[in-house]
Amino acid sequence: MNFHALAERLLPGDYPSPAFYEEKYPARTLPKGAEVTRLAPSPTGFIHLGNLFAAIANERIAHRSGGVLYLRIEDTDLKRKVDGAVEAVISALKYFDIQFDEGAEIGGNETYAPWYQRQRAEIYRAFAKKLIEEGRAYPCFCTEEDLSALRDEQTKNKEITGYYGKYAKCRNLSEEEIYKNLDEGKPFVVRLRSLGNPENKIKFHDEIKGDVTVTENDQDVVILKSDGIPTYHFAHAIDDHFMRTTLVLRGEEWLASLPIHIELFDALGFTRPRYGHNCSLMKQDGETRRKLSKRKDPELSLEFYRKEGYFARAVKVYMLTLLNSNFEEWYLKNPDADLNDFPFKAEKMSKSGALFDLDKLNDVSKNELARLSVEETISFLQNWANEFGTEKQRQYFSDEGKLQAVLALCMGIGGKKRRKDFTTASQAMEFIKFFFERPVLHESYRVTDADKRSILNGFLSRYNAADDAQVWFSKVKEIAAENGFAAEMKDYKANPENYKGSVADVAEVLRIATTGRANTPDLWTIQQILGEGEVRARIQGEIV
RNA sequence: GGCCCCAUGGUCAAGCGGUUAAGACACCACCCUUUCACGGUGGUAUCAUGGGUUCGAAUCCCGUUGGGGUCACCA
């Protein structure tokens with residue numbers, strides 16, 4: 001068979017030689033040990049926690065080593081394209097401080113452009129043509145029906161499915177048959193002529209999983225689809241070679257196709273990059289757990305976390321604790337260090353998939369938010385409110401002095417210990433709501449209606465906003481004594497049967513009347529912030 | 001089903017042949033306290049299973065079980 005003639009018929013025209021491309025996309029000059037990693041999403045525009053998880057790992061490894069992180073868009077499948085998706089990916093990741101050095105819509109080092117695979121069609125065809133010329137690839141005229149019939153038959157016979165060996169019908173088509181099909185205008189794909197034998201095992205070192213054994217590939221995989229666009233596998237080999245990726249860090253769902261990639265790199269005469277296959281983030285789904293899925297878990301989209309108002313750094317810290325098991329310990333020891341100073345290591349990544357734990361994220365969030373100053377908190381809350389808050393919430397920011405006082409109280413500024421009441425912006429806004437809006441729903445009082453009125457009236461007759469906290473509380477004690485409640489906690493604890501309750505119960509009545517809630521930060525301070533008129537009005541409103 | 005990966009408390013996990021099997025989250029109790037939050041002290045709870053190897057196994061080997069992934073002209 002004249003492979004050159006066939007190649008010319010299949011992919012007519014002159015294509016540059018491999019040497020040309022080797023020169024066009026030269027090896028990078030980078031310091032020793034520097035890693036070139038990449039993110040290569042398809043442009044669906046949807047990113048979830050799992051993507052962020054992988055993105056952080058790639059970013060850290062590139063930048064810790066003084067290397068490069070680039071963004072390549074795998075748009076070989078037209079069905080997946082969504083407008084504005086690339087910008088959405090970039091901005092979502094930027095929110096978590098993940099910056100690309102080069103790539104689609106970013107630019108940077110133009111040497112390795114373009115970063116959209118559709119714009120790289122020529123190079124894929126050049127190498128496909130070369131493989132055809134070498135007899136390592138061939139046209140296949142099988143239709144989708146042929147293929148699914150084949151699959152059905154193989155399934156029925158309990159054989160391995162796929163296009164391989166004796167099942168690869170078009171593999172040994174005669175020259176006449178090929179040209180006849182071509183003359184008839186039949187569409188074709190280009191398949192790799194696999195030389196592998198699944199009996200052979202390949203020992204392979206994975207940067208995360210360690211030594212793994214994989215089976216040699218024997219599938220004649222499609223490398224060029226009928227529209228002349230490469231499949232992922234082929235594009236991966238070409239792009240990661242010519243973009244000079246040193247470390248391919250990707251999800252472990254790719255481990256199964258690693259044999260294909262190994263054979264492709266060999267067939268093309270490229271040196272393989274190193275690989276690390278990271279486990280995916282899992283989600284509890286009923287009795288079992290499964291990989292996060294963009295279809296099934298919309299609540300795990302990054303957008304969800306922005307809407308809830310999770311603090312970006314908190315999400316990142318949590319991801320880091322899952323990513324590198326020694327991160328948490330390091331962070332405890334170096335609470336003030338830059339996160340980027342953490343010595344991130346691929347080999348410290350877990351081999352088994354971690355269950356996403358919202359409790360833990362919330363705990364991290366509380367701690368992170370408790371590190372902020374009042375000013376930082378205001379700007380964090382305001383950014384959130386401007387985008388996701390209600391009109392009323394945005395008005396909280398109009399009286400900045402009041403807001404500062406509220407936050408200082410709720411965050412425990414000035415006290416010995418910071419409070420940790422805030423987990424997200426939306427929750428914090430809800431938490432401080434009663435300072436700005438009269439509570440509509442009050443928690444139920446636990447004293448009798450008569451006691452409630454008596455306590456509230458007793459407070460109103462004594463209340464003076466000029467009182468300091470001590471005087472104020474001594475008045476509360478008076479009210480307690482007057483109504484048959486113990487003024488001193490220790491008296492109550494000693495003889496609970498002698499009292500209706502304690503001063504704590506009295507304070508609770510005042511707290512609910514003032515804020516609508518049974519649990520709040522210090523009540524005296526709250527009343528100071530609210531002002532005498534507002535306090536009286538609220539309490540009066542509860543005496544009906 | 002074939003192939004591959006994985007397996008320490010409810011969750012994330014340390015551990016690399018000898019430990020009372022760390023730590024964090026969650027949970028419980030107590031302390032602090034006018035409530036809550038914070039903080040403090042203590043507690044419940046883990047080596048999937050069966051065989052080896054070894055003086056000695058969570059750690060090494062084999063089987064079993066369980067979980068996950070993958071088997072496209074999608075990535």
Side-chain angles (χ1 to χ4, degrees), chain A residues 40-44 74-77 79-80 117 140 142-144 147-148 151 154-155 158-163 187-191 198 201 206 208-210 212-215 219 221-227 229-233 235-236 250-259 277 279-280 282 284 288-291 318 321-322 325-326 328-329 331-332 350-364 366 370 410-412 415-422 431 473 476-477 480 487-489 502-508 510-512 515 517-524:
Chain A
S42 51
T44 59
E74 314 231 314
D75 56 354
T76 54
D77 184 14
K79 294 188 285 291
R80 291 187 168 216
Q117 289 182 326
C140 167
C142 289
T143 62
E144 265 181 62
L147 261 20
S148 78
R151 197 162 27 242
Q154 288 167 329
T155 310
K158 292 194 178 3
E159 284 172 297
I160 293 168
T161 57
Y163 208 81
F188 64 90
V189 299
V190 177
R191 287 183 185 272
K201 302 290 180 186
D206 186 278
I208 295 169
K209 297 201 178 280
V212 299
T213 309
V214 294
T215 308
Q219 296 275 342
V221 291
V222 173
I223 58 175
L224 239 41
K225 299 189 267 189
S226 53
D227 60 0
I229 295 297
T231 55
Y232 169 84
H233 308 298
H236 154 59
R250 48 144 57 162
E252 70 181 338
E253 67 270 21
W254 290 111
L255 200 49
S257 38
L258 184 66
H277 292 89
C279 56
S280 13
M282 308 294 277
Q284 193 69 39
T288 67
R289 42 174 69 183
R290 59 168 170 73
K291 181 181 144 196
Y318 176 55
T321 68
L322 290 183
S325 55
N326 54 332
E328 198 167 13
E329 192 188 357
Y331 194 41
L332 244 28
S350 175
K351 291 182 188 181
S352 50
L355 208 52
F356 177 72
D357 183 356
L358 194 62
D359 281 331
K360 182 78 177 179
L361 203 215
N362 285 341
D363 179 69
V364 173
K366 281 186 182 180
C410 293
M411 293 161 64
K416 295 155 290 303
K417 302 283 183 194
R418 289 282 295 253
R419 295 184 65 95
K420 295 180 182 172
D421 290 309
F422 298 164
F431 190 90
F473 192 53
V476 175
K477 285 181 178 176
E488 301 296 337
M489 269 322 267
S502 73
V503 66
D505 300 300
V506 175
E508 185 183 275
L510 295 171
R511 177 169 278 114
I512 294 174
T515 67
R517 304 211 312 238
N519 303 323
T520 69
D522 179 62
L523 186 56
W524 176 79

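Letters go in sequence order (proteins before strands), and every chain restarts at 1.
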Could you state the [atom1]-[atom2] distance from [X] to [N], rounded to the nearest angstrom?
| X | N | atom1 | atom2 | value |
| --- | --- | --- | --- | --- |
| A/Gln219 | B/C73 | CD | C1' | 14 Å |
| A/Glu252 | B/G67 | CD | P | 16 Å |
| A/Glu508 | B/U34 | CD | C1' | 10 Å |
| A/Asp357 | B/U11 | CG | P | 10 Å |
| A/Glu329 | B/C12 | CD | C1' | 14 Å |
| A/Asn326 | B/A22 | CG | P | 19 Å |

Between [options], which nucleotide gets closest to the side-chain atoms of [X]?
| X | options | value |
| --- | --- | --- |
| A/Leu355 | B/A26, B/U11, B/C74 | B/U11 |
| A/Lys209 | B/C5, B/C4, B/U34 | B/C5 |
| A/Asp363 | B/A26, B/U34, B/G69 | B/A26 |
| A/Asn519 | B/C36, B/C74, B/A26 | B/C36 |
| A/Lys366 | B/C5, B/C38, B/U34 | B/C38 |
| A/Lys417 | B/C38, B/C6, B/A24 | B/C38 |

For a quick check of understanding: with a heavy-atom distance under 4.0 Å over all strands, which category does [X] fall into, base, sugar-phosphate or nothing?
| X | result |
| --- | --- |
| A/Glu74 | sugar-phosphate |
| A/Val189 | base |
| A/Ala504 | sugar-phosphate |
| A/Val212 | sugar-phosphate |
| A/Ala518 | base |
| A/Arg250 | nothing |
| A/Thr213 | sugar-phosphate |
| A/Ser226 | base |
| A/Asn362 | nothing |
| A/Lys351 | sugar-phosphate |

Looking at B/C36, does its base get a donor-acceptor pair with the side chain of A/Thr520 below 3.5 Å?
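Such a pair does not exist between side chain and base.
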Does A/Arg419 get its side chain close enough to the base of B/C36, under 3.5 Å, for a donor-acceptor pair?
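Checked by distance alone, the answer is yes.
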Return no unless some side-chain N or O of [X] is found under 4.0 Å from OP1 or OP2 of [N].
| X | N | result |
| --- | --- | --- |
| A/Lys420 | B/C36 | no |
| A/Arg289 | B/C12 | yes |
| A/Lys291 | B/U70 | yes |
| A/Ser350 | B/A13 | yes |
| A/Ser280 | B/G69 | no |
| A/Ser325 | B/A14 | yes |
| A/Lys201 | B/C3 | no |
| A/Arg511 | B/C36 | no |

Distance between the [atom1] atoms of [N] and [M], in whole angstroms?
| N | M | atom1 | answer |
| --- | --- | --- | --- |
| B/C16 | B/G51 | P | 26 Å |
| B/G2 | B/C60 | P | 27 Å |
| B/A37 | B/U19 | C1' | 37 Å |
| B/A21 | B/C55 | P | 23 Å |
| B/C32 | B/G42 | C1' | 15 Å |
| B/U59 | B/G1 | P | 28 Å |
| B/A58 | B/G18 | P | 10 Å |
| B/U54 | B/U41 | C1' | 42 Å |

Measure from NZ or CZ of A/Arg289 to the centre of the six-membered ring of A/Phe356, then state whether that distance is under 6.0 Å and the direction lies within 45° of the axis.
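The answer is no; the distance or angle limit is not met.
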Quick check on RNA chain B: between A/Arg418 and A/Gly353, whose nearest nucleotide comes earlier from the 5' end?
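Result of the comparison: A/Gly353.
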